[in-house]
2 protein chains.
Amino acid sequence: MADISERKKKILAAVVDEYVATAEPVGSKLLAEKAGLRVSPATIRNELAELTGMGYLAQPHTSAGRVPTAKGYRLYVNELMERKPLSDEEARTIDSSLAQRSGRRERMIGDAGRLAAELTNYPALSMSPAGADTVERFDLIYVDANTFIIVLLMRSDTVRNKLVRLPFSVEEAMVRKICTVFNANFCGVTEAEITPSRISAAERAVDDSMGLVAVVAGFTIEALAERGGTQATLTDGAKLLRLPEFRDPDKAHSLMSYLSDAENLRRLPSVSVPGNDDIKVLIGPENVAEELRDSSVILAKYDAGDGVEGLIGVVGPTRMDYSVLAAKLSYIAEGLSKALAGGASGALPGFGKLMIPENNLQNMPEKRTE
Amino acid sequence: MADISERKKKILAAVVDEYVATAEPVGSKLLAEKAGLRVSPATIRNELAELTGMGYLAQPHTSAGRVPTAKGYRLYVNELMERKPLSDEEARTIDSSLAQRSGRRERMIGDAGRLAAELTNYPALSMSPAGADTVERFDLIYVDANTFIIVLLMRSDTVRNKLVRLPFSVEEAMVRKICTVFNANFCGVTEAEITPSRISAAERAVDDSMGLVAVVAGFTIEALAERGGTQATLTDGAKLLRLPEFRDPDKAHSLMSYLSDAENLRRLPSVSVPGNDDIKVLIGPENVAEELRDSSVILAKYDAGDGVEGLIGVVGPTRMDYSVLAAKLSYIAEGLSKALAGGASGALPGFGKLMIPENNLQNMPEKRTE
DNA sequence: ATTAGCACTCGAAAATAAAGAGTGCCAGCA
DNA sequence: TGCTGGCACTCTTTATTTTCGAGTGCTAAT
């Protein structure tokens with residue numbers, strides 16, 4: 001890959017930059033002007049022909065300008081592109097947006113996705129692959145004779161709960177006993193380890209003939225299963241339609257349908273690609289899915305705490321400004337990591353910010369500026 | 001509106017049916033065959049001309065067939081269309097899909113949306129306008145010296161919680177005291193009623209100098225605000241792109257962008273229209289938003305319990321099969337009402353179904369058949 | 001009132017023509 | 001050997017024209 005002249009690199013970079021900006025195949029004449037080289041179009045043409053032969057460029061038809069191939073983009077991303085730093089203003093926008101909401105973790109991740117979509121003008125996707133979670137502590141709140149609440153404090157510092165209404169009555173002591181048993185036997189346990197036999201054992205231990213233990217265990221399993229799977233969401237898919245490469249409704253439809261299934265999103269980042277590890281770029285055919293063959297995905301890692309890693313990124317055509325997108329996404333990911341570390345699990349969340357008066361005086365729910 | 005001959009009605013209905021099916025303007029010859037009338041195309045032409053004059057039909061250009069106007073659709077929806085009952089098979093599909101998931105309320109509503117989208121092949125929207133909620137009961141779970149969990153049991157039978165980590169330590173007694181005070185003073189209270197003065201009073205009552213009361217109050221406000229607003233989501237927006245009327249990418253973009261803002265969705269059903277009250281049909285220009293001017297929305301009411309009403313529906317072009325869509329949506333809405341009433345708040349949720357073994361043996365999360 | 005007949009309109013699709021951008025290659029020049 | 005200007009050629013894009021046909025509105029006859 002390094003067996004490529006300096007001048008060719010410069011030309012390739014210029015082609016990519018130009019094509020990314022205009023979406024039109026770029027020709028020798030334009031390059032002669034724009035690329036910093038002081039050579040004639042004819043010379044450029046020779047170089048272009050060679051680059052095409054090497055597979056970095058392609059031409060839509062015999063008599064058109066050149067367009068980068070996936071291989072061309074790959075080289076560009078790995079070696080050529082200059083890492084553009086964010087403008088101060090953008091950095092500030094991101095900082096403040098992320099600082100604003102120190103709410104629940106899921107919500108912050110969702111918000112980060114929205115932010116990414118807004119800032120990049122591409123559909124954003126956000127994933128939080130919670131590693132196998134476990135219950136840290138069980139609480140059963142006895143409400144009345146036929147109502148109690150299950151509260152699970154998870155190792156991931158999230159809390160799950162469920163209100164249970166019974167068609168018969170139980171005594172508070174019973175609820176307490178169940179709680180104790182669960183805390184003794186099901187803390188730190190993974191989903192797979194909640195076996196029917198262990199449940200029966202617990203049932204015997206508390207002398208439960210009414211299936212209460214089963215209810216609590218069922219909910220626990222549910223909570224673990226939900227946390228165990230990666231959450232993946234797409235924000236603002238409509239933004240695709242603005243792009244010239246998706247003016248063909250069939251293409252747009254195929255891609256958008258594909259992306260609207262969360263299952264597909266989850267599978268997305270499974271490919272491994274050369275290059276930086278904090279930011280992952282999947283270019284066109286590097287994607288496994290047929291539907292993504294002429295689209296690219298840029299993903300940035302963030303740290304969701306406890307060593308769990310999430311991803312936030314954008315989807316778009318192969319023709320994207322990888323350098324600025326990568327910069328923006330890294331910055332967002334970094335900010336998100338900090339926000340999650342600082343806010344959600346560390347010190348008292350937004351202690352200064354959550355104070356009542358301000359919060360309550362602007363009491364219209366969910367006012368977002370867009 | 002009733003000043004319209006029986007034959008005209010028949011013809012109008014035929015035009016609508018045909019146009020809905022084919023998306024092509026329909027002409028006199030076809031109508032002469034399809035509509036049950038035993039008259040010649042020429043006669044039909046006369047009638048068509050009159051219907052056009054009355055504003056029920058329009059022709060795209062001088063020499064094309066007729067297309068229903070919004071007014072035409074309105075008449076069709078209100079008087080003409082035959083309420084087609086669902087096929088047994090469809091009914092069964094819906095029943096079983098809804099019965100399957102007896103999870104949390106929000107989840108069920110979301111699932112119903114997905115079901116609607118799948119069954120109708122249109123983007124679905126689901127809204128749950130929870131009326132002003134209040135807290136029924138506060139619980140503070142003391143975890144360790146600098147951690148506790150806030151658990152709010154709401155009147156709507158949902159539970160909200162938050163994990164609080166403190167940068168200093170508190171005693172269990174203190175947490176208990178705060179809990180007592182909140183239960184005494186903030187149960188059944190709306191968001192607006194949580195005033196700074198009441199909070200200060202509570203702070204004095206428990207001798208809180210560290211802002212713990214403020215944290216709990218802040219979370220309470222947040223929970224109330226969130227519940228108070230209508231939740232609205234769109235499922236499967238990509239389905240729009242399959243329709244001929246959205247082959248124009250600009251149209252598609254405009255509508256999809258509009259729909260991807262939840263705020264817009266919330267505003268949607270504010271118009272009141274003539275006709276049945278359980279199912280609401282907004283036809284083209286009856287919609288307030290510019291972006292919806294040549295689209296229609298069909299919404300069915302469901303009962304989310306406690307007299308709170310939600311909506312579930314679909315969005316599409318004005319050319320939709322209102323009768324079958326209305327039927328499907330009513331059925332889903334009805335089923336959802338039952339499911340919510342029976343499962344979530346009534347008896348023990350899915351007592352038989354939630355049993356452990358089956359649930360745990362198929363332990364791959366979220367396997368949905370699609 | 002209904003119908004057959006017919007001239008007419010107007011869009012969609014097909015056919016044709018013109019324009020333009022960019023290439024590849026060759027021959028000349030440093 | 002590498003660069004450059006020149007030039008013929010290719011192939012898309014766009015515009016223009018032509019053709020075709022579906023559907024109408026009107027009139028006159030039943």
Side-chain angles (χ1 to χ4, degrees), chain A residues 3-12 14-19 21-69 72 244-245 247-249, chain B residues 4-12 14-19 21-69 72 244-245 247-248:
Chain A
D3 54 347
I4 177 175
S5 80
E6 212 47 47
R7 191 168 71 184
K8 280 197 180 59
K9 284 186 185 174
K10 223 166 183 170
I11 292 178
L12 176 55
V15 171
V16 172
D17 287 334
E18 193 60 28
Y19 182 62
T22 63
E24 304 275 310
V26 10
S28 55
K29 193 180 172 202
L30 192 71
L31 284 172
E33 293 165 12
K34 294 251 174 170
L37 319 168
R38 304 208 138 280
V39 289
S40 77
T43 313
I44 305 260
R45 274 205 289 280
N46 287 327
E47 296 283 50
L48 287 178
E50 289 184 51
L51 280 167
T52 308
M54 292 187 246
Y56 294 109
L57 295 178
Q59 36 190 180
H61 44 266
T62 336
S63 153
R66 299 308 207 288
V67 159
T69 60
E245 20 272 286
R247 294 203 72 79
D248 174 1
Chain B
I4 178 174
S5 79
E6 212 48 47
R7 191 166 72 183
K8 281 198 179 57
K9 284 185 184 175
K10 223 165 185 172
I11 292 179
L12 176 56
V15 172
V16 171
D17 287 335
E18 193 60 28
Y19 182 63
T22 64
E24 305 273 312
V26 11
S28 55
K29 192 177 172 206
L30 193 70
L31 284 172
E33 294 165 11
K34 293 250 174 169
L37 317 168
R38 304 209 137 281
V39 287
S40 79
T43 313
I44 304 260
R45 275 206 288 281
N46 288 327
E47 296 282 50
L48 287 178
E50 289 184 52
L51 280 167
T52 308
M54 292 188 243
Y56 293 109
L57 295 177
Q59 39 192 169
H61 43 267
T62 334
S63 150
R66 299 308 208 287
V67 159
T69 60
E245 21 271 285
R247 294 203 71 79
D248 174 1

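Just the heavy atoms: all of them, side chains too, but no hydrogens, waters or symmetry mates, feed the values below. So you know, we letter chains A, B, ... as the sequences are listed, proteins then strands, and number each from 1.
Between L57(B) and R66(B), the shortest heavy-atom contact is CD1-CB, 4.0 Å. Between V26(B) and L31(B) the shortest heavy-atom distance is CG2-CG, 3.6 Å. In terms of heavy-atom proximity, P244(B) sits nearest to A23(B) at CG-CB, 4.2 Å. Closest of all the heavy-atom pairs between Y19(B) and P68(B) is CD2-CD, 3.5 Å. Listed here is the closest heavy atom pair of S5(B) and E47(B): OG-OE2, 4.3 Å. In terms of heavy-atom proximity, Q59(B) sits nearest to T62(B) at NE2-O, 3.4 Å.
Taking only side-chain nitrogens and oxygens, T62(B) never comes nearer than 4.0 Å to OP1 or OP2 of dT9(C). At the phosphate of dT23(C), OP1 or OP2 sits under 4.0 Å from a side-chain N or O atom of R66(A). Contact between the side-chain N/O atoms of R7(B) and the OP1/OP2 oxygens of dT2(C) is found at a separation under 4.0 Å.
Separating the CD atom of E50(B) from the P atom of dT2(C) is a distance of 10 Å, rounded to the nearest angstrom. In this structure, I44(A) atom CD1 and dG24(C) atom P are separated by 13 Å, rounded to whole Å. Nucleotide dA27(C) holds its C1' atom 14 Å from the CG atom of N46(A), rounded to whole Å. Regarding L48(B), its CG atom lies at a distance of 14 Å from the P atom of dT2(C), rounded to whole Å. As rounded to whole Å, 16 Å separates atom P of dG11(C) from atom CD of E24(B). Per the geometry, CG belonging to L57(A) stands 11 Å off P belonging to dG24(C), to the nearest Å. Remark: C1' of dG22(C) and NE2 of H61(A) are 8 Å apart, rounded to the nearest angstrom. dA1(C) atom C1' lies 15 Å from atom CG of L37(B), rounded to whole Å.
Comparing A49(A) and V39(B) by the nucleotide of DNA chain C that holds the closest heavy atom to each, the one mapping nearer the 5' end is V39(B). Between T43(B) and K29(A), it is T43(B) whose nearest contact on DNA chain C lies nearer the 5' terminus.
With hydrogens and angles ignored, the 3.5 Å screen pairs a side-chain donor or acceptor of T69(B) with a backbone N or O of Y56(B).
One donor-acceptor pair, N or O on each side, does fall under 3.5 Å between the base of dT9(C) and the side chain of S63(B).
Nucleotides of DNA chain D that come within less than 4.0 Å of any heavy atom of chain A span, from the 5' end to the 3' end, dC3(D) to dT12(D).
A64(B) comes within contact range of the sugar-phosphate backbone alone, with a heavy-atom separation under 4.0 Å but no base atom that close.
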